[in-house]
Amino acid sequence: MWVAVLMVSFLVIYCTRWFYKWRTPGAKGNGVLPPGSMGLPFLGETLSLLIPSYSLDLHPFVRKRIQRYGPIFRTSFIGRRVVVSADPEINSYLFSQEGKLVELWYLDTFNKLLSLEGENRITGPGLIHKYMRSSLRNHLSPEALKEKLPQLVAWIDKTLLHWSTKPSVEIKHAVSAMVVEFTASFLCGYDVDKSPVDISEKFATFTKGLTSWPLNIPGTAFHKCLKDQEKVITMITNMLKERRAKEVEEEGDFLDQAIKDLKTENYLTEDFIVRLLYGFLFGSFESIATVMCLGFKLLAEHPEVMEELAAEHEAILKNRADSDSSLTWEEYKSLTFTPHVVSEILRLTSNPPGLLRRAIKDIEIKGYTIPADWTIMVVNSTLHLDPVMYKDPLAFNPWRWKDLDSYTVAKNFTPFGGGSRQCAGAEYSKVVLATFLHVVVSKYRWTIIKGGRIARRPLIAFGDGIHIRFSQK
């Protein structure tokens with residue numbers, strides 16, 4: 001009896017002390033942790049982060065804690081201790097310390113699915129990171145995009161023509177499929193009509209798996225996600241092996257370049273190349289479609305913006321010798337209002353709640369210590385919603401960009417991240433968005449017939465989607 005009482009008492013004391021240490025962690029040495037709450041053991045404050053918000057404003061999880069603790073605070077998500085920073089100075093400093101004090105980090109589900117662990121992880125520093133950026137930028141540079149622009153216009157026009165034969169399309173998935181299929185076609189020669197794998201369908205499943213519990217058991221979303229990922233990985237691997245077996249240069253695309261590099265760079269492996277290509281294709285699948293989906297909603301709600309946008313593209317058509325000719329690079333570069341529209345949509349999308357980093361070593365900043373191995377969530381969307389920088393920040397107002405100089409924009413507008421980890425596809429995304437708007441405005445009419453409710457969960461979502469009817473002018 002007494003033994004049982006002692007054991008229970010010991011267990012209660014142990015759990016109480018463990019829970020107290022969890023709720024009130026201390027920094028090493030004389031360091032002071034940022035204020036905040038660690039929430040429940042293991043779960044942390046994850047559930048609060050996942051509560052949907054039906055606004056383009058900062059997610060309430062972040063805003064409430066900024067109001068309570070200030071622009072830097074601590075929390076935890078699914079067992080990970082996290083420091084959240086909405087302080088522009090701190091965020092700028094952290095971006096400048098990539099590979100020194102911090103490194104890129106993702107949630108455990110991302111790490112497992114995208115192979116972001118180990119020496120050859122695609123988020124790794126040094127040669128791996130340098131190769132990743134230089135190889136992709138070779139194919140996404142302005143020079144490369146200029147060459148591919150006629151193909152992009154034709155691809156978008158063909159897609160929209162197909163959409164116009166349907167009663168309506170759910171625009172988020174439709175744009176996702178259009179973008180990823182085009183991206184795959186010019187990076188690795190993918191042909192949706194000939195391939196045994198429909199990558200847009202597989203990436204849709206993959207997206208759902210990223211927000212699921214990482215439990216690899218048949219019947220779970222994560223298990224289905226892994227199976228579909230394996231099919232795409234196998235497809236890309238086979239394409240790579242077939243190209244290597246031919247030993248002749250084909251189209252000069254990313255895959256051809258990678259095959260050459262595999263012969264000369266001993267730190268590269270086939271698996272790394274395949275994973276790198278898979279990661280970039282997934283990035284193009286999800287991000288551009290979310291921005292365009294919100295863009296349709298905002299344009300439908302603001303006909304005055306649509307009117308000026310249409311006027312700019314109608315002027316381009318009138319100035320052409322042949323009104324049926326394709327958009328040229330010179331015409332694209334001459335656009336003035338369209339880039340303002342794209343920037344304003346990007347500003348309001350601010351899709352991720354924050355960009356994640358891991359502290360490589362203890363970081364002393366503004367009187368606080370961020371301990372080594374803690375996750376850091378860099379909330380750069382506070383910049384995009386700063387009422388000092390952007391008057392009435394939740395308003396959709398593309399004209400505001402006319403009065404902003406390039407230096408101010410560079411300091412206060414980071415839709416593609418910052419530092420050495422800025423998205424390699426930033427220019428590509430802007431070209432795709434502007435070109436898509438050009439074709440839509442020039443040749444088609446459209447109407448939202450269902451859906452459009454925005455929710456942050458914490459990523460931006462659209463409930464049952466936005467369903468649009470297209471028709472040719």
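Quantities reported herein were computed from a predicted structural model and do not represent experimental measurements. For the numbers below, each heavy atom of this structure counts, side chains included, while hydrogens, waters and symmetry mates do not.
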Q | Electrostatic pair K333-E330, nearest N-O below 4.0 angstrom | A | no
Atom pairs and distances, donor-acceptor, side-chain atoms in residues 40-51, under 3.5 Å, two or more places apart:
residue: E45; atom: OE1; partner: R65; partner atom: NE; Å: 3.4
residue: E45; atom: OE1; partner: T75; partner atom: OG1; Å: 2.5
residue: E45; atom: OE2; partner: R65; partner atom: NH2; Å: 3.2
residue: T46; atom: OG1; partner: L43; partner atom: O; Å: 2.5
residue: T46; atom: OG1; partner: I78; partner atom: N; Å: 3.0

Q: Kindly state each residue pair satisfying salt bridge (Lys or Arg N to Asp or Glu O under 4.0 Å) with at least one member in residues 334-343, sequence neighbours excluded.
A: none
Q) Does a side chain donor of either Q257 or H139 reach within less than 3.5 Å of an acceptor in the other side chain? A) yes
Q) For F462, is the NZ or CZ atom of R453 found under 6.0 angstrom from the centre of its six-membered ring and inside 45 degrees of the ring axis? A) no
Q.
Checking side-chain polar atoms at under 3.5 Å, does N380 have a donor or acceptor matched by the opposite partner on T414?
A. yes
Q: Please check if any side-chain donor atom of W399 sits under 3.5 Å from a side-chain acceptor atom of E308, or the reverse.
A: yes
Q | Any donor-acceptor N or O pair under 3.5 Å, side chains Y190, T183 | A | no
Q) When you look at F413 and H384, which way does the side-chain contact (heavy atoms from CB on, under 4.5 Å) test go after all the steps? A) CA-CA 6 Å; F413 184 54; H384 301 165; 3.9 Å; yes
Q.
For E103, is there an ion pair with R357 - N to carboxylate O distance below 4.0 angstrom?
A. no
Q: Look at the side chain of S334 and the backbone N and O of E331, then say whether any donor-acceptor pair between them is shorter than 3.5 Å.
A: yes
Q: Salt-bridge test for D57 and R63: reply yes if a basic N is under 4.0 Å from a carboxylate O, no otherwise.
A: yes
(Q) Can you see whether T338 engages H313 through a side-chain donor-acceptor pair at a distance of less than 3.5 angstrom? (A) yes
Q) More than 12 non-hydrogen atoms from neighbouring residues, nucleotides or ligands closer than 6.0 Å to CZ on R469, yes or no? A) no
Q) Considering the options W163, F470, F296, which one meets the ring pair (Phe, Tyr, Trp, His ring centres under 6.0 Å) requirement together with W446? A) F296
Q: Verify whether one side chain among T375 and R80 offers a donor that lies under 3.5 Å from an acceptor in the other.
A: yes
Q: Taking side chain to side chain donor-acceptor pair (under 3.5 Å) as the test, write out the residues that go with T336, two or more places apart.
A: E312
**Q.** Donor-acceptor pair, side chain of T435 and main chain of V432, under 3.5 angstrom
**A.** no
**Q.** Lys/Arg-Asp/Glu bridge criterion (N-O < 4.0 Å) met for K202, D198
**A.** no
Q: Using side chain to side chain donor-acceptor pair (under 3.5 Å) as the criterion, list what pairs up with E314, not counting sequence neighbours.
A: none
Q: Indicate the atoms forming the closest heavy-atom contact of I363 with L101, along with that distance.
A: CD1-O, 3.8 Å
Q: Please say whether more than 12 non-hydrogen atoms of neighbouring residues, nucleotides or ligands are located less than 6.0 Å from OH in Y407.
A: no
Q | Pair D271-T269, side-chain donor/acceptor within less than 3.5 Å | A | no
Q: Not counting sequence neighbours, list each pair that qualifies as a salt bridge (Lys or Arg N to Asp or Glu O under 4.0 Å) and has a residue in residues 434-444.
A: D157-K443
Q | Audit row: W329, V431, side-chain contact (heavy atoms from CB on, under 4.5 Å) steps and yes/no | A | CA-CA 10 Å; W329 189 255; V431 170; 4.1 Å; yes
Q. Is there a donor-acceptor pair closer than 3.5 Å between any side-chain N or O of R347 and the backbone N or O of P393?
A. yes
Q) Angle class for the F186/F182 ring planes (parallel below 30°, perpendicular above 60°, tilted otherwise)? A) tilted
Q.
Using the side chain to side chain donor-acceptor pair (under 3.5 Å) criterion, which residues pair with S176? Sequence neighbours excluded.
A. none
Q: Please step through salt bridge (Lys or Arg N to Asp or Glu O under 4.0 Å) for the pair K172 and E286, ending with a clear verdict.
A: CA-CA 9 Å; K172 173 70 160 45; E286 183 63 19; 3.1 Å; yes
